[in-house]
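Structure first, commentary second.
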There are 2 protein chains.
Amino acid sequence: MQDEVDELVEAWRRERADLDLTPVEVFSRIGRLARRLDLARRTAFADHGIESWEFDVLAALRRAGGDYELSPGRLIKETLVTSGTMTNRVDRLAARGFVERLPDPNDRRGVLVRLTPEGREAVDGAFEALLSAERELLSDLPPKDHKQLAALLRALMQRLA
Amino acid sequence: MQDEVDELVEAWRRERADLDLTPVEVFSRIGRLARRLDLARRTAFADHGIESWEFDVLAALRRAGGDYELSPGRLIKETLVTSGTMTNRVDRLAARGFVERLPDPNDRRGVLVRLTPEGREAVDGAFEALLSAERELLSDLPPKDHKQLAALLRALMQRLA
DNA sequence: CTCGAGATTCTTGACGTCGAGACAGATCGT
DNA sequence: ACGATCTGTCTCGACGTCAAGAATCTCGAG
């Protein structure tokens, strides 16, 4: 069974038979899979009326637990965006009523972003939808392969720490 | 040995012990790896003075072989961007002298984008640098694991066709 | 031959992100 | 206390992408 990366590799081999294309087999697939997963994620979230970037922020707050509060700086670290982007995102999430901005009681420069009950409901629903969509994608592979795949990917991540 | 996704899963488990988080182990790693690979790619290309988006376009032309000509429409399909983006990219590549625009002899609506000798040199050098950087990342894993990883990723891609 | 549907490329405006800098407040040494 | 430096957040301009539409050309049906 051939996929689009097999064709890509074949095309390169026609032109550059001198090169070892093994890395392409792995890394090109990871890149393309990530792209498609983004799309799958987007449609899973769309049913729950939220967008991927919204989920990223809300999920970080949800995972924090307790009172579901994090500073913008912490959110920046969790979601890997810049400060300007986070200001914009928090603005829009606050406008939708999913988060609220509170003054940080311990640092007058600071702000805390808190998940509202509506935000919590939204993110919980979206996360369950995401998990079930993703489980569906894994359903062809035996559980043993899940573990192996996760282990191999973990090994690669170590290398790219 | 623990990675950042293990922490992510652990945080979710603290908050939502009721959910089966297996999919996160796989898909979250794919997403994060893709992000880091983009960075690695970028630095590998930077040594050769080209950017990732430039490589994407030049590589498509290079793989085409023959006289290294493709239509903008074909380039759009290969690189998964929209037409406005491709017009912009071809403009900038032409300004750098890596490609040139020719009228399509068989269709007066059409245009052909052709790789120049400078463009070919650039893309060949960049590709070799990319492969060697990527090989380095795989060097910890035994070749048998490369095959297995590629096979598992291929199986996932079938599912997302 | 002509007409209209479809194809191909480019143009345009809107949008989200980035990155540099502004600003206020905290922190630490003296 | 005081000043210098650091930290945390926000502001703003530039940039690349997207999506929709404009302009041009092709090709088959009648």
Side-chain angles (χ1 to χ4, degrees), chain A residues 31-32 34-36 38-39 41-43 45-46 50-58 60-61 64 69-96 98-115, chain B residues 31-32 34-36 38-39 41-43 45-46 50-58 60-61 64 69-96 98-115:
Chain A
R32 284 162 193 256
R35 188 182 188 92
R36 297 186 184 185
D38 259 1
L39 289 178
R41 233 164 74 106
R42 202 164 304 167
T43 64
F45 290 154
I50 83 171
E51 315 233 351
S52 292
W53 65 265
E54 296 181 299
F55 179 80
D56 289 341
V57 177
L58 297 178
L61 293 168
E69 286 177 6
L70 289 177
S71 70
R74 194 94 177 76
L75 284 172
I76 286 171
K77 285 194 186 66
E78 296 278 339
T79 60
L80 307 173
V81 298
T82 58
S83 65
T85 299
M86 187 52 69
T87 298
N88 182 6
R89 289 186 174 186
V90 173
D91 284 349
R92 284 180 288 163
L93 284 169
R96 284 199 65 178
F98 285 164
V99 305
E100 52 192 348
R101 250 189 267 248
L102 309 170
D104 183 336
N106 302 317
D107 187 338
R108 258 182 305 174
R109 292 169 301 181
V111 171
L112 289 179
V113 180
R114 169 152 61 188
L115 199 59
Chain B
R32 282 161 193 256
R35 188 181 190 91
R36 296 185 185 184
D38 258 0
L39 289 177
R41 234 163 73 107
R42 204 165 301 169
T43 65
F45 290 153
I50 83 170
E51 316 234 350
S52 292
W53 64 266
E54 296 182 298
F55 178 81
D56 289 340
V57 177
L58 298 177
L61 292 168
E69 287 176 3
L70 287 177
S71 70
R74 194 96 176 75
L75 285 172
I76 287 172
K77 284 195 187 67
E78 296 278 339
T79 61
L80 307 174
V81 297
T82 58
S83 65
T85 299
M86 187 52 67
T87 298
N88 182 6
R89 289 186 174 186
V90 173
D91 284 349
R92 284 181 286 164
L93 284 169
R96 285 198 66 178
F98 285 164
V99 304
E100 51 191 351
R101 251 189 266 248
L102 308 171
D104 183 334
N106 301 318
D107 187 336
R108 260 182 302 176
R109 293 168 301 181
V111 172
L112 288 179
V113 180
R114 168 151 65 189
L115 199 60

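Chain A is the first sequence line, chain B the second, and so forth, proteins listed ahead of strands; every chain is numbered from 1. None of these values were measured; they are calculated from a predicted model.
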Exercise for review: Mark yes when over 12 heavy atoms from residues, nucleotides or ligands other than Arg96(A) sit less than 6.0 Å from its CZ; otherwise mark no.
Suggested key: yes
Review point. What is the minimum heavy-atom distance between Ser52(B) and Arg41(B), and which atoms define it?
Key: CB-NH2, 3.8 Å
Study note, to complete from the structure: Going 5' to 3' through nucleotides 8-20 of chain C and flagging B where a protein heavy-atom sits under 4.0 Å of the base, S where only the sugar-phosphate is that close, and - otherwise, we get SSBB----SBBBB
Review point. Is the phosphate of dT26(D), meaning OP1 or OP2, less than 4.0 Å from a side-chain N or O of Arg108(B)?
Key: yes
Check your understanding: Applying the side chain to side chain contact (heavy atoms under 4.5 Å, CB included) test to Trp53(B), which of Leu58(B), Thr79(B), Leu93(B) qualifies?
Key -> Leu93(B)
Point to revise | Donor-acceptor pair, side chain of Arg35(A) and main chain of Leu80(B), under 3.5 angstrom | key: yes
Check your understanding: What are the two closest non-hydrogen atoms of Ile76(A) and Met86(A), and how far apart are they?
Key -> CG1-CB, 3.8 Å
